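Atoms within a ligand are numbered from 1 in the order they appear, just like the ligands themselves. Note that the structure is a prediction, hence the values are computed from the model and not measured. One-based numbering along the sequence shown.
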Amino acid sequence: MNTDRLPSAACAPGIEAAFVTPAELQARVRAGQSLLGEIHFGEALAGAAPGHPRARVGMGQFNSPPRIEAWFSAQPVRYGQRGAIRYAHNEQALFGCVALSEVTPARFETTVHDCYREILRLVDAERYSHLLRMWNYFPAIHAVFSDLDRYQSFCRGRFESLEEYYENQFDQRLPAASAVGTQDGDLVIYFIAAKTPGEHCENPRQMSAYRYPPQYGPRSPSFARATLKRWDGADDLYISGTASIVGHESLHADDARAQLDETLQNIRALIDRSAHDHGIVFRGLDSLTHVKVYVRRAEHFETVQRHLDAVLGAGVERLYLHADICRAELLMEIEAIARAR
Ligand code: 3EB
């Protein structure tokens, strides 16, 4: 493990991600970092449920050895639970996670709605009322039930909850997000919230997702393209899942390499716009610290990895996942974190 990159307690951002093996996770905890939560991809969870948030997302990963997405705090952490939601918090941030099994098709949208309502109530009650970043994972994303596919049902459930809560502040308060299809397992939602607000960022190459026209579903996807958070110690840009979409249309159906280039163009444009609008010095793709790459078809993994290795610095942490992207023609999606200090 590269210990140079462990933050010093004197200048500690609110919360930090790392894609680690179980041994690296333990080493960080021994080095004095507090674990906020851990998300496993593909592999079954071992041992009894721990006191901190932990979930398994049912998608395979291409990394070898497999990695855990772990969230750490340099400050002490307290743990809590509200209904099915487990959470951990420090002075600045709260990390929460919920996994729900056996969501029947007829109940899926209501489950999402209820789940979001509980998350919004929790973060308000704990006074971390600013949601910065949400991850949403569920199986059978393309399955159709009463005229909507599961992604569209998910979007409607999420929208109704967020609109109820945010009312006329809806556009400004939406967090960055990813919503991705798994091969199996639970509906898993995890999130980062903060005591003080983040800043909402949109992409000049893309229509805001919350304004997508109705052809994509009765309720548009409720997320910001990115959230900028000025932690004490660092400015982090949480970049939502980004795909080969320009305006609101998917481009380059059936061409994985072209989709990757378009996606990288979108990420560059988003970083540049956020830097410009918020007066922060991001250095394009060189400011990325973490990328999570969702690849629909295993046969595309090597091409995607080879090209990303050529454009990303060696220090960028990468997690490659085998997943269904919400629109059938999309072959990949990339989410990321960029940092300026
Ligand atoms: C897109 O740009 C691609 O519904 O939360 C990316 C990130 C996508 C988040 C979400 C969907 C979501 O519309 C899909």
Side-chain angles (χ1 to χ4, degrees), residues 57 59 108-109 112-113 115-116 119-120 131-142 148-163 166 170-171 173-182 187-192 200-227 237-253 256 259-260 262-271 273-274 290-296 321 323-337:
V57 173
M59 51 177 66
F108 183 65
E109 181 179 329
V112 170
H113 189 139
C115 192
Y116 265 78
I119 290 170
L120 288 159
L131 280 173
L132 304 179
R133 181 64 169 100
M134 312 277 309
W135 288 266
N136 308 277
Y137 296 106
F138 50 90
I141 196 166
H142 300 306
L148 295 185
D149 72 30
R150 294 240 297 175
Y151 177 63
Q152 294 170 326
S153 303
F154 166 81
C155 283
R156 193 161 65 184
R158 172 174 60 176
F159 172 90
E160 304 287 350
S161 250
L162 289 167
E163 197 198 35
Y166 290 154
F170 182 81
D171 293 9
R173 296 210 60 184
L174 292 177
S178 298
V180 189
T182 61
L187 164 68
V188 174
I189 300 180
Y190 61 98
F191 55 93
I192 303 170
H200 187 124
C201 307
E202 290 298 310
N203 192 322
R205 302 183 87 232
Q206 298 186 303
M207 179 182 285
S208 294
Y210 52 86
R211 301 220 169 94
Y212 281 170
Q215 74 199 73
Y216 301 104
R219 292 299 186 195
S220 44
S222 311
F223 68 97
R225 295 296 180 187
T227 304
L237 184 68
Y238 297 104
I239 299 174
S240 293
T242 305
S244 177
I245 296 175
V246 175
H248 59 77
E249 275 169 301
S250 308
L251 298 187
H252 319 297
Q259 288 198 15
L260 176 57
E262 203 69 54
T263 300
L264 290 172
Q265 278 299 103
N266 281 337
I267 292 175
R268 278 193 201 91
L270 177 61
I271 293 174
R273 167 61 66 90
S274 309
H290 299 77
V291 296
K292 261 162 88 184
V293 185
Y294 302 96
V295 179
R296 181 187 292 278
L321 299 163
D324 284 344
I325 323 301
C326 60
R327 296 186 189 178
E329 68 279 10
L330 293 174
L331 299 170
M332 81 193 55
E333 181 174 311
I334 301 179
E335 62 174 64
I337 305 173

- [ ] Please list, chain by chain and in numerical order, all residues satisfying ring-ring contact (aromatic ring centres under 6.0 Å, His included) with Phe191, sequence neighbours excluded.
- [x]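 In terms of ring-ring contact (aromatic ring centres under 6.0 Å, His included), with neighbours along the sequence ignored, Phe191 is linked to no residue.
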Task: Mutual orientation of the aromatic rings belonging to Phe154 and Phe108 [parallel < 30°, tilted 30-60°, perpendicular > 60°] - done: tilted
- [ ] Evaluate the side-chain proximity of Pro213 to Met207: yes if any heavy-atom separation is below 4.5 Å, no if none is.
- [x]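 They are in contact (side-chain heavy atoms under 4.5 Å apart), so the answer is yes.
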Open item on the list: I'd like to check Leu260 versus Met332 (side-chain heavy atoms, cut-off strictly below 4.5 Å). Are they in contact?
Closed with: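 A side-chain contact under 4.5 Å exists here.
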Anything under 3.5 Å between an N or O on ligand 1 and a protein N or O? List each pair with its distance, or write none.
residue, atom, partner, partner atom, Å
ligand 1, 2 (O), Tyr212, OH, 3.2
ligand 1, 2 (O), Arg225, NH1, 2.8
ligand 1, 4 (O), Tyr151, OH, 2.5
ligand 1, 4 (O), Arg158, NH2, 2.7
ligand 1, 5 (O), Arg158, NH1, 2.7
ligand 1, 5 (O), Arg158, NH2, 3.3
ligand 1, 13 (O), Tyr212, OH, 2.7

Task: Any donor-acceptor pair under 3.5 Å from Arg273 side chain to Cys201 backbone - done: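 Side chain of Arg273 to backbone of Cys201, a donor-acceptor pair under 3.5 Å: no, none is there.
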Open item on the list: When you measure from the side chain of Gln259 to the backbone of Ala243, do you find a donor-acceptor pair of N or O atoms at a distance under 3.5 Å?
Closed with: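 The answer is no, because no donor-acceptor pair under 3.5 Å joins these two groups.
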